[in-house]
Amino acid sequence: MAPPFQSIYSHGFIRSAVCVPSLRVADPVYNGEHTLSLARRAADHHAALVLFPELGLSAFSNEDLFHQDALLDAVLEVLTKLIDESRDLSPVLLVGAPLRFQGKLFNCALVIHRGKVLGIVPKTYLPNYREYYEKRQFVSARHALQQDVRFQGQSVPFGNDLIFEAVNLTGFALHVEICEDMWVPISPSTYGALAGATVLANLSASNITVGKTDYRRLLCASQSAKCISAYLYSAAGYGESTTDMAWDGYAMIYENNVLLAETKRFQEEEQIIFADIDLERLLQERMRTTSFQDSVMEHGERLSAMRRIPFEVAVPQGVVPLMREVSRFPYVPGESAARDDRCYEVYNIQVHGLMKRMSAAGIKKLVIGVSGGLDSTQALIVAARTMDRLGLPRTHILGYTMPGFATSETTRNNARGLMDALGITAREMDIRPACLQVFKDIGHPFSEGEEIYDVTFENVQAGQRTAHLFRLANFHDAIVLGTGDLSELALGWSTYGVGDQMSHYNVNGSVPKTLIQHLIGWVVKTGQFNRETAVVLEGIAGTEISPELVPDESGDQTKPSQKTESAIGPYELQDFNLYYVTRFGFLPSKVAFLSHCAWSDKDLGAWPEILPPDQRHQYDLATIKRWLGVFLYRFFKTSQFKRSALPNGPKVGSGGSLSPRGDWRAPSDSEATVWLDELRCNVPDYGA
């Protein structure tokens, strides 16, 4: 039976666990009991994979005791019990033990599932330097004479070339290595990843010395990033011998350079950490990263010789909620310092892009339409800093407010105040007479006094603004600076051609709406401009988003009447959809699942401090499904032709640009049917 929608196992995740058990040196019975206890805890938490430390059943620090048959026989007895008890446990268990084969002693990892040993992986690289003398007791995997060994009456695959593939859980392919195997220039797990393993597991003991933790963390992060994989790392903790070494019990789980979970160090109590690994995300990244596939071909002969061990994983049934934080704002880092760094980078990318364009074109003036909204504000403060960097007066920025039939006093005053505070050349140009002439010329009913506010009524205003700006640029030997953002481009919320879709250069073209809010907040917070400017910017950041093209029914001109988000959905949801649809190509049902995890409860998780409590929203699944449907239709069906003709502008983030010269190339006449059908069929219609 397939897991329900609210289970992570319906959306390409698996839950992994890494354990640091309590142990005693040379006491396999004690160690086995604690290993089994933690394995049961992991099963109760719906884990599919559980990792234990290197030589965890015997303890790592036995030294020459490893040559005692009594110890080795006791390990085998404990293993027999552990394997038998695993019949009733759902996860794959990775446990470490010293095992004798072919007259040799190997440091091994056993892959155990549902009462069966799927394979045994011996350690390849045995350290024999500084405090390590492992070659005194063990031999390397390279010394194995056979690819299969007899173990407890069964023939079991044996070697470091094994990939364990779940036949009933797409993307779950496991490779196992042991401690030092990761510390060498080319680790066995590198070949495992190139051969298709998405989850790399390392049974380690790894004693602690000053500064070593950071290095281990760096190794795990780097290996997970280079291999586009998950990397699970265990370590020995309290209970190992401290005759000549110490142990901190540090374990971690990484996914493609992101730390998902880690244990506390130097704990007396045993520990277990969990993390939900996104297998689909890893597969998507590998598919897109052509250099990864080139590396596969470079080592094709070796990779084709690796052995694949199929098995059917016991997928936990019922609802399994996601045990992983999903940011509400994927374009905006959650941590304050990281968010400041992101804003600093984006702002300076925009500035440097505009500096180069002006220098290359031999242009010293800019023309910009200033509406008093978020987008034109961000473009204007980028322009002001650009002039400062180029050593040009800000008066070379020619800013125009262009009131139309629905311009509010709020945005009009915002625009005037910002231009005055920045010290640019400010002008106002009323577009209504020109628009009335167009309405008359084309026979639009509004020219005869009828209150017809159709798309033509809106686009005539947008077109007149842009036409005026281009002619002003001609007249003043300047270029038109675009203001439209990534979110509007994704939804097609712009007027094509002679409209706000067009400019000579657009600094906001790959900046989403939710990030622009934080960019403006960062400019205020870090004092990029004077206090007068900061006050105006704070007012603009709090103004509701509106195109201001249709008059308010009540005739109220004090505030914006049109509400953009009532037509195309909340930008915070649509930016979330944009990120996961374009960056990873996820199914709509998975996007909806992630969105529900992020947005269903406003009291859970962290919020950026720039958002006051009354702007912290939550959405039920029905609302998420509704607006995702709007996004899919507009993005795939109706808006690509606008993106195919974008003006130049700098790409600012890995979330992508929709420029046909950048991250996104798509036909202008595609259908949205497959996305909408998948959404309709696989996302329930309930609200909770």
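Every value quoted in this text rests on a predicted model; they were computed, and no experiment measured them.
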pair [X]-[Y]: side-chain heavy atoms closer than 4.5 Å:
{"X": "Leu200", "Y": "Glu177", "value": "no"}
{"X": "Val315", "Y": "Asn168", "value": "yes"}
{"X": "Met252", "Y": "Val18", "value": "no"}
{"X": "Asn256", "Y": "Arg281", "value": "no"}
{"X": "Asp278", "Y": "Arg324", "value": "yes"}
{"X": "Pro608", "Y": "Arg328", "value": "no"}
{"X": "Ile624", "Y": "Phe576", "value": "no"}
{"X": "Val199", "Y": "Phe172", "value": "yes"}

Where does the angle between the aromatic ring planes of Phe586 and Tyr580 fall among parallel (under 30°), tilted (30 to 60°) and perpendicular (over 60°)?
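Aromatic pair Phe586/Tyr580 classed parallel.
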So Phe13 and Phe593, would you call those rings parallel, tilted or perpendicular, with 30° and 60° as cut-offs?
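Phe13 and Phe593: tilted rings.
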Is it true that a side-chain atom of [X] and a backbone atom of [Y] form a donor plus acceptor pair closer than 3.5 Å?
{"X": "Asn682", "Y": "Ser589", "answer": "no"}
{"X": "Glu335", "Y": "Ala337", "answer": "yes"}
{"X": "Ser140", "Y": "Tyr125", "answer": "no"}
{"X": "Glu54", "Y": "Gly96", "answer": "no"}
{"X": "Ser22", "Y": "Glu270", "answer": "no"}
{"X": "Ser229", "Y": "Tyr231", "answer": "no"}

Heavy-atom neighbours of [X] [atom1] exceed 12 at 6.0 Å:
{"X": "Arg130", "atom1": "CZ", "result": "no"}
{"X": "Arg302", "atom1": "CZ", "result": "no"}
{"X": "Lys264", "atom1": "NZ", "result": "no"}
{"X": "Arg142", "atom1": "CZ", "result": "yes"}
{"X": "Glu131", "atom1": "CD", "result": "yes"}
{"X": "Phe5", "atom1": "CZ", "result": "yes"}

Salt bridge or not between Asp84 and Lys81? Use side-chain N to carboxylate O under 4.0 Å.
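No, Asp84 and Lys81 are not salt-bridged.
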Indicate whether the side chain of [X] and that of [Y] have a donor and an acceptor atom separated by less than 3.5 Å.
{"X": "Tyr233", "Y": "Ser206", "answer": "yes"}
{"X": "Glu262", "Y": "Tyr250", "answer": "yes"}
{"X": "Gln137", "Y": "Asp64", "answer": "yes"}

Could you go through the salt bridge (charged side-chain N to carboxylate O under 4.0 Å, His left out) check for Arg583 and Glu285 one step at a time?
CA-CA 9 Å; Arg583 178 68 177 84; Glu285 286 291 275; 2.7 Å; yes
For Glu312 and Arg114, what are the C-alpha separation, side-chain angles and deciding distance, and is it a salt bridge (charged side-chain N to carboxylate O under 4.0 Å, His left out)?
CA-CA 10 Å; Glu312 186 168 326; Arg114 306 288 280 189; over 6 Å; no
Tell me, with the steps shown, if Glu609 and Arg339 meet salt bridge (charged side-chain N to carboxylate O under 4.0 Å, His left out).
CA-CA 11 Å; Glu609 62 271 10; Arg339 191 161 58 248; 2.5 Å; yes
Determine, using ring centers only, whether [Y] and [X] are less than 6.0 Å apart.
{"X": "Tyr129", "Y": "Tyr132", "answer": "yes"}
{"X": "Tyr579", "Y": "Tyr331", "answer": "yes"}
{"X": "Phe106", "Y": "Phe158", "answer": "yes"}

Walk me through it: do Asp44 and Arg41 pass the test salt bridge (charged side-chain N to carboxylate O under 4.0 Å, His left out)?
CA-CA 5 Å; Asp44 290 342; Arg41 281 176 57 188; over 6 Å; no
